[in-house]
Amino acid sequence: MDKLRRVLSGDESVGSGGDVNEQGFAAQIWSATSLNWSTRIQGFAVCFVLGFIFSMLGIVLIALPKGLLLFAMFYTIGNLTSTASTMFLMGPLRQIKKMFNETRVLATLGVFLFMILTLVSALWWKRALLAVIFSILPFLAFTWYAFISYIVFTFIHPIRERYCPQNHHVLCLNLI
């Protein structure tokens, strides 16, 4: 009852006996590093907006004399920052696990592969057209990641569970 009273009063940092030392070391670290929902939303918004600004800055800077180098750097930093922003919503470990889930692994690898190819085509090959093409492809891979893995599989999963035998989900998924 005391623990419930402390939680409702907003004093969640103390252990069950009221002393921080009674709390385990891992629990102390977890409570010190966990974020509340509004902080997570703010972190997501700030990182996403910064990523968008860096990406747009890269697009604007492509017209300068060393613009291809600046484009590749700012555009890739923007994409990485925008991708990292989603880690605020679920936490980094859970987001990474979801990114490499069997339904999302190809799209995740595509996003990172195309970011690397954007850098390679701009910095080593010095091909502006290839850099621009490779910078568009992560958006397509991310759309695949977001649309196919979250929206489409949300509708397919109940159908698959109902009509496919328990051990044949992968085979049946190809038919649906």
Side-chain angles (χ1 to χ4, degrees), residues 7 10 12-13 23-157 173:
V7 169
E12 299 175 337
S13 63
Q23 219 178 359
F25 181 71
Q28 288 177 12
I29 290 176
W30 182 256
S31 67
T33 58
S34 62
L35 302 173
N36 63 24
W37 185 246
S38 65
T39 306
R40 288 176 183 265
I41 295 295
Q42 291 169 357
F44 167 76
V46 167
C47 278
F48 188 79
V49 168
L50 279 174
F52 180 76
I53 289 171
F54 280 139
S55 295
M56 291 300 112
L57 187 61
I59 291 171
V60 170
L61 293 175
I62 200 167
L64 296 177
K66 295 248 182 198
L68 189 58
L69 170 72
L70 294 171
F71 165 75
M73 298 305 288
F74 277 103
Y75 196 78
T76 303
I77 289 170
N79 277 335
L80 288 173
T81 307
S82 294
T83 303
S85 71
T86 61
M87 293 187 186
F88 277 101
L89 298 177
M90 292 187 214
L93 187 61
R94 188 171 174 206
Q95 179 63 24
I96 289 171
K97 284 181 181 177
K98 284 190 174 277
M99 286 170 63
F100 290 98
N101 187 344
E102 73 178 61
T103 59
R104 298 179 189 100
V105 70
L106 290 177
T108 301
L109 292 176
V111 168
F112 290 119
L113 174 71
F114 292 131
M115 279 190 229
I116 292 168
L117 286 173
T118 300
L119 286 172
V120 168
S121 63
L123 301 178
W124 284 282
W125 300 336
K126 308 234 186 281
R127 303 284 186 210
L129 183 61
L130 270 179
V132 170
I133 289 171
F134 286 139
S135 66
I136 293 170
L137 292 176
F139 283 112
L140 298 176
F142 187 73
T143 303
W144 178 26
Y145 172 89
F147 182 71
I148 299 295
S149 66
Y150 283 108
I151 297 170
V152 173
F153 278 116
T154 302
F155 293 112
I156 288 177
H157 186 71
L173 179 63

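Hydrogens, waters and symmetry mates play no part in the numbers below; they use all other heavy atoms, side chains included.
Here the closest heavy-atom approach between residue Ala107 and residue Ala141 is recorded as CB-O, 3.6 Å. Closest non-hydrogen pair, Phe54 versus Gly78, comes out as CB-CA, 3.6 Å. The shortest non-hydrogen separation linking Leu123 to Met73 is CD1-SD, 4.2 Å. Considering every non-hydrogen atom in both Ser82 and Phe52, the closest pair reads OG-N, 3.8 Å. Minimum heavy-atom separation, Phe134 to Leu117: CD1-O, 3.6 Å.
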Practice task
Begin with the C-alpha distance, continue with both residues' side-chain angles, and end with the deciding distance and a verdict on side-chain contact (heavy atoms from CB on, under 4.5 Å) for Phe139 and Asn79.
Solution key: CA-CA 9 Å; Phe139 283 112; Asn79 277 335; 4.3 Å; yes
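Partners of Met87 according to the side-chain contact (heavy atoms from CB on, under 4.5 Å) rule, which considers only residues two or more places apart in sequence or in another chain, are Pro92, Gln95, Ile96, Met99. Under the rule for a side-chain contact (heavy atoms from CB on, under 4.5 Å), the partners of Val105 that lie at least two apart in sequence or sit in another chain are Phe100, Leu109.
How far OG1 of Thr81 is from CG of Leu50: 7.0 Å, rounded to the nearest 0.5 Å. Between the CG atom in Leu68 and the CG atom in Leu130 there is a gap of 10.0 Å [rounded to 0.5 Å]. Distance check, rounded to the nearest 0.5 Å: CG of Leu80 to SG of Cys47 gives 11.5 Å. One finds the CD1 atom of Ile41 at 11.0 Å from the CG atom of Leu35 (value rounded to the nearest 0.5 Å). Here the CE atom belonging to Met115 is positioned 8.5 Å from the OG1 atom belonging to Thr118, to the nearest 0.5 angstrom.
The side-chain contact (heavy atoms from CB on, under 4.5 Å) with Phe74 is formed by just one residue from the set Leu61, Ile53, Ile59, Ile62; it is Leu61.
Atom CZ of Phe114 is surrounded by more than 12 heavy atoms from other residues, nucleotides or ligands within 6.0 Å. More than 12 heavy-atom neighbours from other residues, nucleotides or ligands sit within 6.0 angstrom of CZ on Phe44.
With hydrogens and angles ignored, the 3.5 Å screen pairs a side-chain donor or acceptor of Ser121 with a backbone N or O of Ala131. Judged by distance alone, the side chain of Asn101 and the main-chain N or O of Arg104 form no donor-acceptor pair under 3.5 Å.
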